[in-house]
Every structure is written in structure tokens, then in C-alpha cells.
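We count ligands from 1, going down the list as the structure has it; atoms in each ligand are counted the same way.
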Amino acid sequence: MTTLDAKLDRLLGAKTGKALESALGLVTVGDLLRHYPRRYAERGELTAIAGLELGEHATVLAKVERVTKRTMKSRRGTIVEARITDGHRSLSCTFFNQAWRERELIPGKRGMFAGKVTAFREQLQLAHPEYQLFDSEATDVGAVAEEFASALLPVYPSAQGLPSWSIARCVKQVLDVWDGTDDPLPTELRERLGMSVLEEALRKIHLPQNFGEVAAAQDRLKWDEALAVQLTLAQRRSNTKSHPAPVCERRDDGVRVAFDERMPFELTRGQQEIGEQIATDLGTEHPMNRLVQGEVGSGKTVVALRAMLQVVDAGRQAAMLAPTEVLAAQHARSLRELLGDLAMAGELGGAENATRVTLLTGSLNTAQRRKAMLEAASGEAGIVVGTHALIQDKVSFADLGLVVVDEQHRFGVEQRDALRARAGEETAPHVLVMTATPIPRTVAMTVYGDLETSALRELPQGRSPISTSVVPVAEKPAWLDRAWARIHEEVAAGHQVYVVCPRIGDDEESSGKGKKSKKSTVDDGDGEEPPPDDGGEQRRPPVAVIDVAEQLAAGPLSGLRLGILHGRLAADDKEAVMRAFAAGELDVLVATTVIEVGVNVPNATVMVIMDADRFGVSQLHQLRGRVGRGSAPGLCLLVTEAMGGTTTRERLDAVASTTDGFELARLDLELRREGDILGAAQSGRKSGLKMLSLLRDEDVIAQAREEADRFVAADPELREHPGLARMVAEVVDDERAEYLEKS
Ligand code: ADP
Ligand code: MG
């Protein structure tokens with residue numbers, strides 16, 4: 001029997017099996033059959049070259065335009081260069097010491113070409129190209145497709161040494177011997193939805209006769225992905241609900257009201273509304289599971305604090321988790337500041353119904369730690385702030401009523417569950433999750449499907465606008481000079497500037513440097529051709545703080561006072577640099593993303609982000625939130641070598657086009673490759689979704705959610721539906737595997 005679990009190396013031979021595993025991670029028949037085509041080529045079609053991304057491994061349908069052969073001067077050898085075209089733009093393929101290629105690559109011939117996309121002197125190239133030529137103009141893709149008894153030619157995500165057409169051959173071979181699989185969907189459901197049978201979908205997705213068959217297969221495979229995730233979430237929701245939560249009713253005479261009366265500002269409308277929702281949730285015995293999304297600076301801390309005070313008023317405790325020690329310490333400090341004498345229980349000058357804020361992190365000394373643990377265990381601490389040390393260590397609480405998780409995107413579902421278990425056997429605490437990364441509705445429904453969501457859209461009064469521009473250095477090198485000139489002007493006007501780089505530099509990159517110098521020694525001196533690059537090499541390493549600071553100090557920004565800040569500096573040095581920058585003793589701070597969270601220097605007005613394409617959209621959005629915090633408007637410059645027309649550039653243009661985080665999250669989702677989405681949202685479910693688009697398939701997701709709830713309500717363990725239970729087990733296994741990888 002050849003089932004989905006059968007090993008590929010047994011069917012295809014050890015060599016092919018190994019190639020599939022090492023290049024694409026495909027081990028079983030199921031893995032290969034779920035390696036779906038990225039698209040389908042039709043007769044006569046050519047691939048648009050303008051849309052290729054630097055660094056990606058691409059398969060291009062193109063026509064040979066011209067071929068030249070030259071002899072290298074200093075090395076004894078030949079270079080054959082073939083230009084291939086889509087009719088608009090061309091791409092160069094270079095072969096070293098393979099003179100015979102000239103006889104094969106005849107101008108006018110069409111074929112499929114595969115390789116990694118690189119650039120040399122503004123010209124796009126395919127490195128180490130592999131190709132398969134079509135016999136004649138007339139036959140082209142059609143002929144190749146016929147070899148597979150299919151009218152459309154599947155184009156697969158491929159890798160070096162494993163071009164799309166080799167994958168297609170493997171798939172064909174496997175499908176010929178595959179015995180098929182049982183359908184996990186109950187027949188009743190499948191028929192009601194008008195879906196194809198799983199086996200048929202898996203065959204047609206690879207060998208369709210027409211686009212109608214592709215669509216039918218996609219519908220079925222999408223549905224399975226959506227249903228598996230929604231069943232998992234429905235079970236999780238049903239589990240959570242099975243434990244009662246600690247009821248924390250609102251009181252009019254407690255510390256929460258006392259805090260409201262002394263708050264130094266008016267709550268925004270959003271803060272009020274979400275505050276009401278939370279206050280209601282906390283008063284019931286159903287555990288609250290709420291996600292609050294709000295831009296950086298939208299005032300999430302106050303929302304969380306008011307919720308925690310309601311819990312304290314009910315005689316219980318609240319725990320607040322932050323992603324880093326620095327942020328935890330900062331939270332503890334600002335909560336104490338906001339509360340004043342309301343946080344001074346047991347101290348001289350403490351208010352009547354005061355509570356206590358306790359910080360519990362890994363860096364406390366033994367005595368401090370013991371004291372903090374005691375305060376948590378005795379209930380003396382109404383609010384305990386910490387990092388995930390709070391979960392990992394055996395911290396016990398007298399009566400934990402609420403868990404607040406700040407910056408959710410750094411925590412996984414498992415961590416949330418572990419924390420929930422801290423409340424003891426009988427009850428589950430309420431959970432409030434806060435994130436500054438806006439999450440589109442479908443993602444929220446999928447990744448955070450076990451949470452209710454609320455959004456804080458407005459910022460408190462008095463923030464200045466930020467404008468953002470892309471500086472495309474490959475096309476407009478002069479713009480970068482203008483950027484540096486602008487910094488001089490800004491400093492002359494008394495303002496300060498951040499320059500952000502993706503990397504720290506120095507020791508971590510020694511291997512990269514080694515490669516470069518090796519290259520220059522073998523360079524053959526005629527300077528026309530790049531040396532053939534080794535297959536595994538990626539794009540150049542991103543620029544580094546240490547190098548950039550040195551270059552700026554010696555060149556474009558000489559005369560200004562520069563400081564550097566990154567994660568490898570000692571804590572004291574970091575503190576000193578930050579203090580100097582905040583005090584205006586430095587004009588320019590060259591830094592890594594360490595400034596992403598928590599840094600607040602209102603006098604900083606410009607941020608230059610180098611190699612901006614190396615950052616994610618939401619990270620760029622968060623970074624630029626560091627400027628424009630004072631009365632002067634902020635400016636953010638995104639410096640990149642990415643060329644116009646690429647998705648990379650579109651992402652940056654999107655960041656420049658809007659400061660609305662929610663709109664940006666939507667644009668980002670649109671531009672991302674399917675499959676990246678969940679990874680970026682840190683769901684731990686990256687591997688599960690291949691076909692489902694969180695942007696376009698909102699209907700499918702909503703419908704799957706409904707069906708999932710129905711099945712789980714009737715049969716929480718899915719005992720009647722072993723097929724569905726198996727789907728859930730697969731999602732959970734994937735999650736666990738990824739969680740283990742991460743930790
Ligand atoms: P974030 O949502 O990024 O966590 P914070 O909670 O840190 O934002 O709030 C940012 C700043 O705005 C803090 O200094 C906070 O005291 C202040 N703030 C919060 N709410 C308001 C408000 N309604 N009016 C004015 N300032 C506010
Ligand atoms: Mg915050």
C-alpha cells in the first residue's frame with residue numbers, strides 16, 4: 001500500500017528522496033502531495049521578469065534573445081552568456097566553462113529557466129541557471145504538460161538543484177502508485193458544501209485539465225485547512241469555558257474608583273469603551289479572553305491598570321507579563337507612578353485601600369526574589385509584574401484573578417495556557433492580551449481565534465504627524481546625500497535623529513567578510529563578470545550599526561555628535577547612551593531595533609532606517625513611532641536598494657503611504673506570500689496553512705468557524721468523527737513542533 005505516510009526515498013530512490021528532503025523538507029508522500037504548485041502555466045505564456053524578487057529561487061518561462069561566448073583574460077576559460085526575455089525585460093544567464101551551451105541556447109527558443117535571482121550592475125541575473133528547452137515554438141509548455149497528461153503545467157516552489165520540472169516529475173511518479181486516502185470530512189458535510197473528495201482534490205491540484213479543476217481542488221484543500229484550525233480553536237474555547245473564572249465585580253468604593261478620580265488626563269473614547277467591556281467581562285464567571293490592539297502610544301497601560309484594579313477590589317491578584325526584563329521594570333515603575341500612594345500598602349503615607357505592585361524578574365538577587373515570591377504567595381501584592389519567569393518558575397499566587405500579557409506577538413498560545421494553569425485546578429483566571437501590532441480580522445479569527453478582540457484606534461491628543469518617504473538608493477543615489485543634508489539641517493534647528501540598522505556588526509559577520517576577500521583574490525580582473533557565486537550564498541549581509549556609525553562620522557555626518565546603541569552593550573553603557581541622547585548631548589543615535597520599544601525622546605524628529613527592506617512592515621511602523629512624539633512633526637526615511645516594481649518595494653511604499661496601523665496590516669497581508677502570514681503573527685501554525693489566504697478567504701474561515709463550533713458543541717472530543725479528530729491532532733502537532741523549535 002502506498003499511503004500518505006509512505007517515505008519518498010523508497011518510491012523515488014535514495015538520491016531523489018534526499019534532495020527533496022534537504023531542499024524542501026519533503027519526506028513522505030503526503031508532504032510531496034501537499035507541496036502545491038505556486039501557479040500554472042498555459043500554452044504560449046511567458047513569465048513577467050519585472051516582478052522577480054532579488055534572492056528568490058524563481059522559475060521563468062522565457063525566450064532566448066541572444067547568446068554570446070567570450071574567453072576570460074586571466075583565467076583560461078569561456079563565458080557563455082544567454083539573455084532571456086519575456087518580451088519586455090531581459091534576464092542574463094551566465095555559464096562558466098560550458099562552451100557547449102552556446103549550441104543549445106539558440107535565439108528564439110523557449111524554455112523554462114530556474115535559478116536564484118541576483119543583480120549585477122543593474123542587470124538581473126539567474127545564478128547557476130538550470131533550464132529545460134521546449135522542442136519548438138509551436139509545442140512549448142503544452143508539450144511538456146502533455147508528458148504529464150495535463151493541460152496546464154504546474155509551476156512548483158523550487159530550490160537550487162530541484163527545479164520545478166523535476167518536482168513535477170516526482171509528483172507524477174508518486175501519483176501513479178498512490179493508493180489514495182480516506183476522506184476525513186463526514187460525507188454529510190462534504191455533500192452539503194459541494195466539495196470534492198480529498199483524493200480527487202489532491203490529484204487535480206497537481207494535474208488539472210483546466211482552471212475549473214484547479215479552483216475545485218483549491219476550494220476543498222482550503223476548506224480542510226480552515227476547518228482544522230477552527231476545530232482546534234473551538235475545542236480550546238470549549239475547554240476554557242469549562243472552568244469557571246473568579247468573579248470580580250465592580251465596586252464604587254475601591255481603589256479603581258480612587259484611581260479614576262485622580263487620573264491626570266481624560267480617557268479617550270476608545271479607552272472608555274474598552275474599559276466598559278472589560279469591566280463587564282471581569283464581573284462574570286466566564287473567563288475573559290480579550291485581545292486589545294492599539295497603536296504604540298494609544299494608552300493600553302491605563303486600560304490594563306484599571307482592569308487590574310477592579311480585580312484587586314475583588315480581593316484578588318493580577319499578574320502582568322512583559323516580553324523583556326527592561327519592559328517589565330518599566331511597567332512596574334510606571335504603574336507605581338500612576339498609582340502614587342494607592343500602591344503604597346503597608347508603607348508610611350499609603351492610601352486607605354492601597355495595594356502593592358511587585359516586580360518579579362530573573363535578575364533579582366536571592367533576597368529580593370524571596371521577598372517578591374512571598375508577596376505574591378501571601379496576596380500582599382495586588383499586582384505582580386514580570387517576564388515569563390513568572391510562568392517558568394514556581395511562582396504561586398494567593399488568588400490570581402487576571403493575567404495581562406503585554407505585546408502578545410512575543411508570546412505563544414502554549415505560554416498563555418501555562419500561565420492560565422497558574423490559577424489553580426478549579427478556576428481559570430481572566431486573560432487580557434495587549435498588542436501594538438494591528439491584526440486584520442481574519443488573522444484575529446484564525447491565529448487568535450480563542451480571543452475576543454477590541455481595537456483602540458485613536459491616540460491621545462497632542463501627537464504630531466509623521467511623514468515617511470522611501471529613499472531608493474539603487475535608482476536615485478543622490479537622494480541619500482539629500483537625506484544626510486536634511487539631518488544636518490534638523491540638528492541645526494536643535495532636533496535629534498535616529499539612524500536604525502538591521503545588524504550590530506563586527507564579530508557576528510566574520511564569515512561574510514571572509515567570503516568577500518576570497519572573491520576578490522580570484523576575481524579575474526576584467527571586471528565584467530561577477531565570479532560565480534556559491535549556491536548557498538544569500539544577499540549581502542544587511543548594514544551594521546558599527547560600520548554605519550563609523551562611515552557617517554568620517555563622512556556625511558562629520559561634525560555632529562554621534563552615539564551608538566545596540567543589544568551587545570553592557571547595561572550601564574546602554575543606560576548612559578540613552579541618558580545622553582535624552583539630555584540632548586548627542587545629535588544622532590545609530591542603533592539597532594533596541595529602540596523599538598519603550599524609548600521616548602520627544603526632541604527626536606527624524607529617523608533614517610537603513611536597509612529598510614530587511615524589516616517587517618509592522619516593525620517599521622513601530623520604529624517610526626519613536627519620532628514625532630513632541631510638538632515638531634516627524635520624518636521617517638526608508639533607505640533601500642530594492643528596485644521599483646518588486647513586492648519588497650511595494651511593502652515599503654505601503655509603509656510610506658499611511659500611518660494607520662490597521663490599514664497597513666491589511667496592505668501587508670495583501671503583499672505577503674501566503675504562508676508567511678501566520679509565521680509573522682507568531683502563531684506557531686505556519687506549516688499548516690498553504691492554500692488558505694487569510695485575506696481573500698474570509699468567507700471560508702467564517703463558515704469553517706461556524707461548522708467547527710457546531711461539531712465541538714455536539715461532541716467536544718470529536719469521538720464520533722475520527723477524521724476530524726485527526727485533523728486537529730495534526731494542527732496541534734505542528735504547533736508543538738514549532739513551539740519546541742522556538743524555545
Ligand atoms: P501603549 O499603548 O503604547 O502601551 P502607553 O500606555 O504607554 O501606550 O501610553 C503612552 C502615554 O500616553 C503614557 O505616557 C500615558 O500616560 C499617556 N496616556 C494614556 N492615556 C492617555 C490619555 N487618555 N490622555 C493623555 N495621555 C494618555
Ligand atoms: Mg505599552
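Of the N or O atoms in Gly299, one or more lie within a sub-3.5 Å distance of an N or O in ligand 1.
Those atoms of ligand 1 that come under 4.0 Å of a heavy atom in Thr301, given as number and element, are 4 (O), 5 (P), 6 (O), 7 (O). Numbered from 1 in the order shown, with element, the atoms of ligand 1 that lie under 4.0 Å from a heavy atom of Leu267 read 23 (N). Annotation for ligand 1: atoms under 4.0 Å from non-hydrogen atoms of Ser298 are 2 (O), 8 (O). Atoms of ligand 1 found under 4.0 Å from any heavy atom of Glu266, numbered from 1 in the order shown, are 22 (C), 23 (N), 24 (N).
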Exercise. Tell me, with the steps shown, if Arg306 and Asp260 meet salt bridge (charged side-chain N to carboxylate O under 4.0 Å, His left out).
Key: CA-CA 8 Å; Arg306 295 177 72 240; Asp260 281 356; 2.9 Å; yes
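For the residue pair His331/Asp406, the side-chain donor-acceptor check at 3.5 Å is satisfied.
Contacts between Thr268 and ligand 1 below 4.0 angstrom, taking non-hydrogen atoms only, involve backbone and side chain alike. Contact annotation for Gln271 and ligand 1: only side-chain heavy atoms (C-beta onward) come within less than 4.0 Å of the ligand.
Salt bridge Glu337/Arg333: absent, no basic N to carboxylate O contact under 4.0 Å.
Taking 4.5 Å as the limit, every side-chain heavy atom of Val257 sits out of range of all side-chain heavy atoms of Arg251. Proximity of Ile278 to Ile274: side-chain heavy atoms (C-beta onward) are separated by under 4.5 Å at one or more points.
Formation of a donor-acceptor pair under 3.5 Å by the Asn603 side chain with backbone atoms of Gly494 is found in this model.
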